[in-house]
Amino acid sequence: MNTPPDPIHFNKTVWNIVRQIPSGTVSTYGQIASMIPPPSEVDETDYVRLGAVWVGKAMNAVSSDGSSDVPWQRVINSQGGISLPEGSRAALEQRQRLESEGIQFERNGRINLNAYGWDGPNGDWLRENQLLTPRPIKKPGSDNPEQLKLF
DNA sequence: CGTTTGACTACGC
DNA sequence: CGCGTAGCCAAAC
C-alpha cells in the first residue's frame with residue numbers, strides 16, 4: 001500500500017483540507033489527494049490511486065482518535081459510497097452522521113455526488129496552503145441532480 | 001517468517 | 001449499472 005515520503009506532513013495536510021468541507025457536503029479520497037502535489041518520486045498516473053489510498057490511511061488515523069475536529073464522515077469513495085466494512089459500527093456511525101447533516105442515501109446505499117459533492121476550497125485558500133485545484137467529482141453536465149431532462 | 005489484508009480507483013465486460 | 005481485477009506494499013497476524 002505504500003506510504004507517503006513524509007506521512008506526518010501528508011496526514012496534516014489531508015486533515016487540514018477535510019476541515020474545510022462544509023456540513024451537508026461530501027468529498028472523495030481521490031479529490032482530496034488531487035489537491036496535494038504528488039511527491040517527485042511518485043509517477044503522476046500512479047498517484048491518482050496511491051494518493052487516494054494514503055488519504056484513506058490518514059482518515060483511519062483520525063477516527064481511531066475519538067477526540068478530533070476533523071469531519072472524517074464527509075470523505076467517501078469515488079462511487080459515492082461508504083468504504084468502511086459494511087455493517088461495521090464505524091460504517092453505521094458514518095452514515096448516521098451524514099444523514100444528520102441532511103444528506104440522503106439512495107437505495108443502493110450511495111450518495112448522489114452531483115447533489116452533495118464538494119467543489120473544493122476557494123482559490124485563495126488553496127494558494128495560501130500551496131495546494132492544487134481539485135479534480136471535479138461531479139459528472140459533467142448534470143448540474144441538476146435528480147431530474148434528467150430529456151430533449 | 002510467510003500470508004493476509006486493506007477508509008482506493010480506473011477500466012473492461 | 002454492477003462486479004471483478006490489476007497495481008502496490010507496509011503492517012498486522
Side-chain angles (χ1 to χ4, degrees), chain A residues 1-101 103-121 131-150:
Chain A
M1 207 178 294
N2 210 2
T3 310
D6 185 353
I8 298 177
H9 180 259
F10 185 87
N11 284 2
K12 274 185 67 176
T13 306
V14 169
W15 299 332
N16 201 19
I17 294 172
V18 173
R19 270 189 279 261
Q20 309 302 314
I21 306 175
S23 175
T25 66
V26 292
S27 183
T28 67
Y29 302 98
Q31 188 190 32
I32 302 290
S34 73
M35 297 182 217
I36 304 175
S40 55
E41 53 266 70
V42 177
D43 185 58
E44 197 164 336
T45 56
D46 292 336
Y47 179 72
V48 174
R49 286 175 276 179
L50 268 186
V53 173
W54 297 346
V55 170
K57 296 200 77 163
M59 298 315 293
N60 183 49
V62 166
S63 58
S64 59
D65 176 338
S67 60
S68 173
D69 61 339
V70 178
W72 55 270
Q73 71 273 19
R74 295 175 195 152
V75 184
I76 59 180
N77 63 41
S78 64
Q79 313 305 307
I82 288 176
S83 285
L84 289 157
E86 188 174 352
S88 69
R89 186 185 161 220
L92 292 174
E93 181 179 355
Q94 182 170 20
R95 176 166 181 146
Q96 190 175 358
R97 284 192 184 210
L98 290 172
E99 287 178 331
S100 73
E101 294 183 0
I103 292 177
Q104 294 186 7
F105 284 73
E106 305 191 348
R107 188 163 298 195
N108 56 11
R110 295 203 211 150
I111 295 170
N112 186 335
L113 293 178
N114 287 321
Y116 301 106
W118 184 42
D119 291 323
L131 296 174
L132 308 173
T133 300
R135 175 172 59 78
I137 59 178
K138 298 180 181 178
K139 290 179 182 176
S142 53
D143 238 358
N144 202 337
E146 302 295 311
Q147 310 287 8
L148 179 56
K149 297 170 184 170
L150 312 170

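Since the model is a prediction, treat every value here as computed from it, not as a measurement. To find a chain, count down the sequence lines: A is the first, B the second, and so on, and within it residues start at 1.
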- Message: Taking only the P atom of each, what is the distance from C:dT5 to B:dT4 in whole angstrom?
- Response: 16 Å
For residues 7-21 of chain A, dump all side-chain donor-acceptor pairs below 3.5 Å to protein atoms at least two apart in sequence or in another chain.
{"from": "A:T13", "atom 1": "OG1", "to": "A:H9", "atom 2": "O", "distance (Å)": "2.9"}
{"from": "A:W15", "atom 1": "NE1", "to": "A:A58", "atom 2": "O", "distance (Å)": "3.0"}
{"from": "A:R19", "atom 1": "NH1", "to": "A:D69", "atom 2": "OD1", "distance (Å)": "2.8"}
{"from": "A:R19", "atom 1": "NH1", "to": "A:D69", "atom 2": "OD2", "distance (Å)": "3.4"}
{"from": "A:Q20", "atom 1": "NE2", "to": "A:N16", "atom 2": "O", "distance (Å)": "3.3"}

- Considering only B:dA7, C:dG2, B:dA10, which nucleotide approaches the side chain of A:R110 most closely? C:dG2
- Task: Take atom CG of A:N11 and atom C1' of B:dA7, then tell me their distance rounded to the nearest Å.
- Result: 13 Å
- Side-chain contact check for A:D46: nearest option of C:dC8, B:dA7, B:dC8 is C:dC8
- Query: Is A:T3 near enough to C:dA10 that one of its side-chain N or O atoms lies under 4.0 angstrom from OP1 or OP2?
  - Reply: no
- Message: Just the rounded figure in Å: distance from C1' of B:dG6 to CE of A:M59.
- Response: 16 Å
- Message: Tell me the interatomic distance from A:R49, atom CZ, to B:dA7, atom P, rounded to whole angstroms.
- Response: 18 Å
- Side chain of A:N77 - closest among B:dT9, B:dA7, B:dC8: B:dT9
- Test: A:R97 and A:E93 ion pair at under 4.0 Å: yes
- To the nearest angstrom, how far is A:D43 atom CG from C:dG7 atom P? 14 Å
- Residue pairs, two or more places apart or on separate chains, that pass side chain to side chain donor-acceptor pair (under 3.5 Å) and touch residues 79-92 of chain A: A:N77-A:S83
- Note on the structure: Winner on side-chain proximity to A:S83, out of C:dG2, B:dA10, B:dA7, is B:dA7
- Query: Mind checking what makes side chain to side chain contact (heavy atoms under 4.5 Å, CB included) contact with A:E99, not counting sequence neighbours?
  - Reply: A:R95, A:F105
- Task: Measure from CD1 on A:I82 to P on B:dC8 and round the result to the nearest Å.
- Result: 13 Å
- Message: If I take atom CD1 from residue A:I111 and atom OH from residue A:Y116, how far apart are they, to the nearest 0.5 angstrom?
- Response: 8.5 Å
- Item | Residues touching DNA chain B, which here means a heavy atom under 4.0 Å, drawn from residues 17-37 of chain A | A:Y29, A:G30
- Note on the structure: Rounded to whole Å, CD of A:E86 lies from P of C:dC3 at a distance of 11 Å
- Message: Expressed as a whole number of angstroms, how long is the span from A:I137:CD1 to B:dA10:C1'?
- Response: 17 Å
- Item | Atom-to-atom span, CG of A:N2 to P of B:dC8 - whole angstrom | 15 Å
- Query: Phosphate oxygens OP1/OP2 of B:dA7: is one of them under 4.0 Å from a side-chain N or O of A:R74?
  - Reply: no
- Message: I'd like to check the salt bridge (Lys or Arg N to Asp or Glu O under 4.0 Å) partners of A:R49; sequence neighbours left out, ordered by chain and number.
- Response: none
- Item | 5' priority, DNA chain B, between A:W72 and A:R135 [closest heavy atom] | A:W72
- Under the salt bridge (Lys or Arg N to Asp or Glu O under 4.0 Å) test, residues paired with A:D46 that sit two or more places apart: none
- Taking the side chain of A:N108 as heavy atoms from C-beta outward, which of C:dG2, B:dA7, B:dT9 is closest to it? C:dG2
